[in-house]
Amino acid sequence: MWPIFLITQKGSKMVFSESLKKNADFRNVYENGKSYADKYLVMYVLENNKSINRLGISASKKVGNSVVRHRFARLVRESYRLHENIFNSGLDIVVVARKSAASVGFFEIESALLHLSKLHHIIKIYFYVEKN
């Protein structure tokens with residue numbers, strides 16, 4: 001007999017954040033925000049004068065086909081969701097994929113997201129675990 005698991009949506013939604021959806025909002029963050037980049041991601045951050053964060057994810061066709069781009073967006077969204085309690089509030093955050101992000105896994109994306117967040121000084125605490 002197979003075990004039966006009850007799956008709920010309670011834990012899967014970002015609690016403290018919304019999505020950034022409008023083109024004008026993205027352009028505002030690009031033009032007025034501060035950016036840092038690493039091997040896989042570029043992160044733009046701008047204060048939004050609200051009590052919540054808004055996360056926008058962008059991946060151009062240069063990154064890959066729609067399957068690759070959507071996978072990247074899911075990885076970034078999940079990385080952010082797992083750590084959203086350590087992010088400062090009141091920010092618009094736009095994460096842009098670089099070509100090299102198409103071929104990496106969850107842990108590389110998560111590490112890049114946390115690294116760029118540390119550079120922006122938008123996280124309350126930063127955990128660093130060195131691999132042996």
Side-chain angles (χ1 to χ4, degrees):
M1 178 91 151
W2 291 98
I4 298 174
F5 296 102
L6 179 63
I7 300 172
T8 63
Q9 293 292 331
K10 184 178 179 185
S12 65
K13 188 175 178 186
M14 292 188 295
V15 179
F16 305 113
S17 304
E18 310 182 330
S19 293
L20 201 61
K21 295 187 189 272
K22 294 184 181 177
N23 187 29
D25 293 336
F26 275 88
R27 293 182 60 78
N28 183 36
V29 176
Y30 290 142
E31 292 169 5
N32 302 315
K34 190 171 183 181
S35 68
Y36 284 109
D38 72 354
K39 189 175 179 181
Y40 305 119
L41 306 175
V42 180
M43 180 186 282
Y44 294 84
V45 176
L46 180 67
E47 290 187 17
N48 64 13
N49 299 323
K50 296 180 182 177
S51 62
I52 59 168
N53 289 342
R54 297 189 304 172
L55 179 67
I57 301 169
S58 176
S60 74
K61 287 187 178 181
K62 292 179 183 178
V63 174
N65 63 17
S66 63
V67 174
V68 172
R69 295 192 311 266
H70 187 68
R71 179 179 179 273
F72 167 77
R74 289 194 319 266
L75 292 176
V76 170
R77 199 175 302 114
E78 180 66 6
S79 299
Y80 178 80
R81 184 190 70 82
L82 290 174
H83 299 286
E84 75 176 328
N85 57 342
I86 65 171
F87 279 82
N88 296 335
S89 60
L91 302 170
D92 285 345
I93 303 168
V94 175
V95 179
V96 181
R98 288 191 158 181
K99 276 187 178 182
S100 57
S103 61
V104 296
F106 172 76
F107 295 110
E108 289 85 0
I109 296 295
E110 180 183 37
S111 176
L113 184 76
L114 291 174
H115 171 71
L116 292 175
S117 301
K118 182 183 177 201
L119 291 178
H120 277 290
H121 303 291
I122 61 171
I123 55 177
K124 298 171 189 159
I125 45 179
Y126 184 74
F127 295 102
Y128 179 74
V129 178
E130 187 172 311
K131 294 180 182 176
N132 292 335

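Note that CD1 of Ile123 and CG of Asn85 are 11.0 Å apart. Values are rounded to the nearest 0.5 Å. Atom OG of Ser35 sits about 12.5 Å away from atom CG of Leu41, to the nearest 0.5 Å. Separating the CG atom in Asn53 from the CD atom in Glu18 is a distance of 10.0 Å, to the nearest 0.5 Å.
Pairs engaging residues 70-94 under the ring pair (Phe, Tyr, Trp, His ring centres under 6.0 Å) rule: Tyr80-Phe87 [sequence neighbours left out]. Listed by first and then second residue, the side-chain hydrogen bond (donor to acceptor under 3.5 Å, both in side chains) pairs involving residues 86-97 are Asn48-Asp92, Arg54-Asp92 (not counting sequence neighbours). Each salt bridge (Lys or Arg N to Asp or Glu O under 4.0 Å) pair with one or both residues in residues 31-49, not counting sequence neighbours, appears once here: Arg27-Glu31. Applying the salt bridge (Lys or Arg N to Asp or Glu O under 4.0 Å) test to residues at least two apart or on different chains, none of the pairs has a partner in residues 95-104.
Residues passing the side-chain hydrogen bond (donor to acceptor under 3.5 Å, both in side chains) test with His120: none are found, sequence neighbours excluded. In terms of the side chain to side chain contact (heavy atoms under 4.5 Å, CB included) criterion, Asn49 has no residue partners (sequence neighbours excluded). For the side-chain hydrogen bond (donor to acceptor under 3.5 Å, both in side chains) test, residues two or more places apart in sequence or in another chain that qualify with Asn32 are Asn28. Under the ring pair (Phe, Tyr, Trp, His ring centres under 6.0 Å) criterion, Phe26 pairs with no residue, sequence neighbours left out. Residues passing the ring pair (Phe, Tyr, Trp, His ring centres under 6.0 Å) test with Tyr30, sequence neighbours excluded: Tyr44.
Side chain of Ser19 to main chain of Lys21: no donor-acceptor pair is present (N/O by atom type, distance under 3.5 Å, no hydrogens or angles). Formation of a donor-acceptor pair under 3.5 Å by the Glu108 side chain with backbone atoms of Gly105 is found in this model.
Ile122 is connected to Val76 through a chain of hydrophobic side-chain contacts under 4.5 Å among Ile, Leu, Val, Met, Phe, Trp and Tyr, so both are in one cluster. Residues Val104 and Leu82 are members of one and the same hydrophobic cluster, defined by side-chain heavy-atom contacts under 4.5 angstrom among Ile, Leu, Val, Met, Phe, Trp and Tyr. Transitive grouping of hydrophobic side chains (ILVMFWY, heavy atoms separated by less than 4.5 Å) keeps Leu91 and Ile52 in distinct clusters. Taking hydrophobic clusters as Ile, Leu, Val, Met, Phe, Trp and Tyr residues chained together by side-chain heavy-atom distances below 4.5 Å, Val63 does not share a cluster with Leu113. In this structure, Val96 is not a member of the same hydrophobic cluster as Tyr36, with clusters built from ILVMFWY side-chain heavy atoms closer than 4.5 Å.
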Report task. Could you walk me through whether Lys61 and Arg69 pass side chain to side chain contact (heavy atoms under 4.5 Å, CB included), step by step? Result -> CA-CA 8 Å; Lys61 287 187 178 181; Arg69 295 192 311 266; 3.7 Å; yes
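Shown here for Ser117 and Met43, the closest heavy-atom pair between the two residues is OG-CE, 3.6 Å. Residues Val29 and Leu46 approach most closely at CA-CD2, 4.1 Å, considering heavy atoms.
Looking at heavy atoms from C-beta onward, His115 lies out of side-chain contact with Lys118 at the 4.5 angstrom threshold. Taking the side chain as every heavy atom from C-beta outward, Ile86 and Leu114 approach each other to under 4.5 Å. Under the 4.5 Å side-chain criterion, counting only non-hydrogen atoms from C-beta, Val95 is not in contact with Leu116.
Of the residues Leu55, Ile57, Asp25, the one that meets the side-chain contact (heavy atoms from CB on, under 4.5 Å) test with Leu20 is Asp25.
A salt bridge does not link Glu84 with Arg81: none of the charged nitrogens is closer than 4.0 Å to a carboxylate oxygen.
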